[in-house]
Amino acid sequence: MARAKNNLLLAQVSGTIGKQLTVTQRAGQVILGKAKTKKGKRYKFSPKQLNVQTRFTIATEYAASVKADPDMVAAYMAVAKPGQNANNLAIRDFYNAPEIHELKADEYTGKAGQHIRVRATDDFRVYQVVISIYTASGVLVEEGNALQSRNGIEWVYTARNDNPEYTGGKVRAMAEDLPGNQTFEERVL
């Protein structure tokens, strides 16, 4: 792929030239590439390729829903770099799940009002962090949304119930981004 700058001949051109060269325009730049050849035989896709195609279809549907919401377009465009648009960023966001960097439950000793902290990031935005607290026998004590701190990376959950059987239990954090990708992390208490 080549890029042409200040070329008067290609300034308003797009398409395929002589079945050898394809010219496209993007972000004010002219991009030259090899023309795609069509084959007469129908290609049979593998299950893995079909899965990739299905995921891309879902990603483009998510991007279309973003484009239909002016507030979401503005949010994506606020972080866009030159040559990017809300559609590109929404598709990239769809493919990238959030990351949980740290699940800190050191302050939690089974009492209501104690904090559990999570550091989570995403390529665009973490939508929510949900904390679940379990006893040693696996019984769910409580579950709820953590609150995002001012730095935008740390999320804090305040326990609502006493948990006398917290020793040997576990804390589970789930971080979710706008397209619905989820990441989980667990810590034994």
Side-chain angles (χ1 to χ4, degrees), residues 26-29 52 55-189:
R26 184 166 195 166
Q29 290 186 340
V52 168
R55 280 193 40 87
F56 186 74
T57 300
I58 296 168
T60 56
E61 289 170 358
Y62 172 70
S65 72
V66 166
K67 288 193 304 188
D69 184 350
D71 293 335
M72 287 298 294
V73 170
Y76 276 105
M77 289 307 294
V79 298
K81 294 177 182 163
Q84 292 181 324
N85 58 42
N87 189 63
N88 301 132
L89 293 174
I91 290 173
R92 185 181 79 186
D93 191 23
F94 178 85
Y95 278 105
N96 294 313
E99 288 184 50
I100 296 177
H101 303 285
E102 183 179 33
L103 170 55
K104 193 173 180 182
D106 302 342
E107 301 173 26
Y108 182 73
T109 59
K111 295 193 167 88
Q114 294 179 325
H115 299 293
I116 296 169
R117 299 176 189 282
V118 175
R119 286 186 62 237
T121 59
D122 186 53
D123 60 334
F124 177 63
R125 180 184 303 159
V126 176
Y127 170 67
Q128 69 176 348
V129 173
V130 177
I131 302 294
S132 306
I133 302 173
Y134 296 89
T135 63
S137 59
V139 176
L140 178 65
V141 175
E142 66 180 280
E143 182 175 72
N145 288 337
L147 297 175
Q148 188 176 25
S149 64
R150 288 184 180 204
N151 66 13
I153 297 172
E154 189 172 72
W155 297 72
V156 180
Y157 179 76
T158 305
R160 297 184 308 258
N161 302 322
D162 286 333
N163 180 12
E165 300 178 43
Y166 83 94
T167 305
K170 67 180 177 181
V171 172
R172 183 178 189 198
M174 184 275 297
E176 183 176 8
D177 64 2
L178 291 172
N181 298 313
Q182 297 178 343
T183 303
F184 296 90
E185 184 79 28
E186 288 184 1
R187 288 283 180 270
V188 176
L189 299 170

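Within 6.0 Å of OH on Y127 lie no more than 12 heavy atoms contributed by other residues, nucleotides or ligands. For CZ of F56, the number of neighbouring non-hydrogen atoms (other residues, nucleotides, ligands) closer than 6.0 Å is 12 at most. Within a 6.0 Å sphere centred on CD of E165, heavy atoms belonging to other residues, nucleotides or ligands number 12 at most.
One finds the CE atom of M77 at 8.5 Å from the CD atom of Q84 (value rounded to the nearest 0.5 Å). To the nearest 0.5 Å, the span separating OG1 on T158 from NE2 on H115 amounts to 4.5 Å. Between the CD1 atom in I100 and the CD atom in E186 there is a gap of 10.0 Å [rounded to 0.5 Å]. To the nearest 0.5 Å, the span separating CD1 on I153 from CD on E102 amounts to 11.5 Å. How far CD of E99 is from CD of E185: 11.0 Å, rounded to the nearest 0.5 Å. Of the inter-residue distances, the one linking L189 atom CG with N163 atom CG reads 7.5 Å to the nearest 0.5 angstrom.
Using bins of under 30°, 30° to 60° and over 60° for the plane-to-plane angle, the ring pair Y166/Y108 lands in the perpendicular bin.
Within the 4.5 Å cutoff, side-chain heavy atoms of Y76 are placed close to those of D93. Two residues are said to be in side-chain contact when any heavy atoms from C-beta on lie closer than 4.5 Å; Q128 and M174 meet this criterion. In this structure the side chain of V118 never reaches within 4.5 angstrom of the side chain of Y157, judged on heavy atoms. For the pair L178 and R125, the minimum side-chain heavy-atom distance is below 4.5 Å.
Every residue was checked against the salt bridge (Lys or Arg N to Asp or Glu O under 4.0 Å) condition with E143, not counting sequence neighbours, and none meets it. Contacts of N181 classified as side-chain contact (heavy atoms from CB on, under 4.5 Å), with partners at least two apart in sequence or in another chain: A97, P98, D177, P179. Taking R55 as the reference, nothing meets the salt bridge (Lys or Arg N to Asp or Glu O under 4.0 Å) condition, with sequence neighbours excluded.
Nearest heavy atom pair, residue A173 against residue I131, reads CB-CD1, 3.8 Å. Residues R117 and V156 approach most closely at NH1-CG2, 3.3 Å, considering heavy atoms. In terms of heavy atoms, D123 sits closest to N96 at OD2-ND2, 3.1 Å. Closest approach of G144 and R160 over heavy atoms only: CA-NH1, 3.9 Å. Between A120 and V129, the closest heavy-atom pair is CB-CG2, 4.4 Å. Residues V188 and G168 share a closest heavy-atom pair of CG1-O, 4.2 Å.
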| task | Determine, stepwise, if the pair E176 / V130 fulfils side chain to side chain contact (heavy atoms under 4.5 Å, CB included). | result | CA-CA 8 Å; E176 183 176 8; V130 177; over 6 Å; no

| request: I would like to know whether T60 and I91 meet side chain to side chain contact (heavy atoms under 4.5 Å, CB included); could you show each step before the answer? | output: CA-CA 6 Å; T60 56; I91 290 173; 4.0 Å; yes

| query | Checking side chain to side chain contact (heavy atoms under 4.5 Å, CB included) for the pair V79/F124: CA distance, chi angles, key distance, verdict? | reply | CA-CA 8 Å; V79 298; F124 177 63; 3.9 Å; yes

| task | Kindly indicate, with the supporting measurements, whether the criterion side chain to side chain contact (heavy atoms under 4.5 Å, CB included) is fulfilled by L103 and I116. | result | CA-CA 8 Å; L103 170 55; I116 296 169; 3.9 Å; yes

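Of the N and O atoms on the side chains of E107 and Q114, not one donor lies less than 3.5 Å from an acceptor on the other residue.
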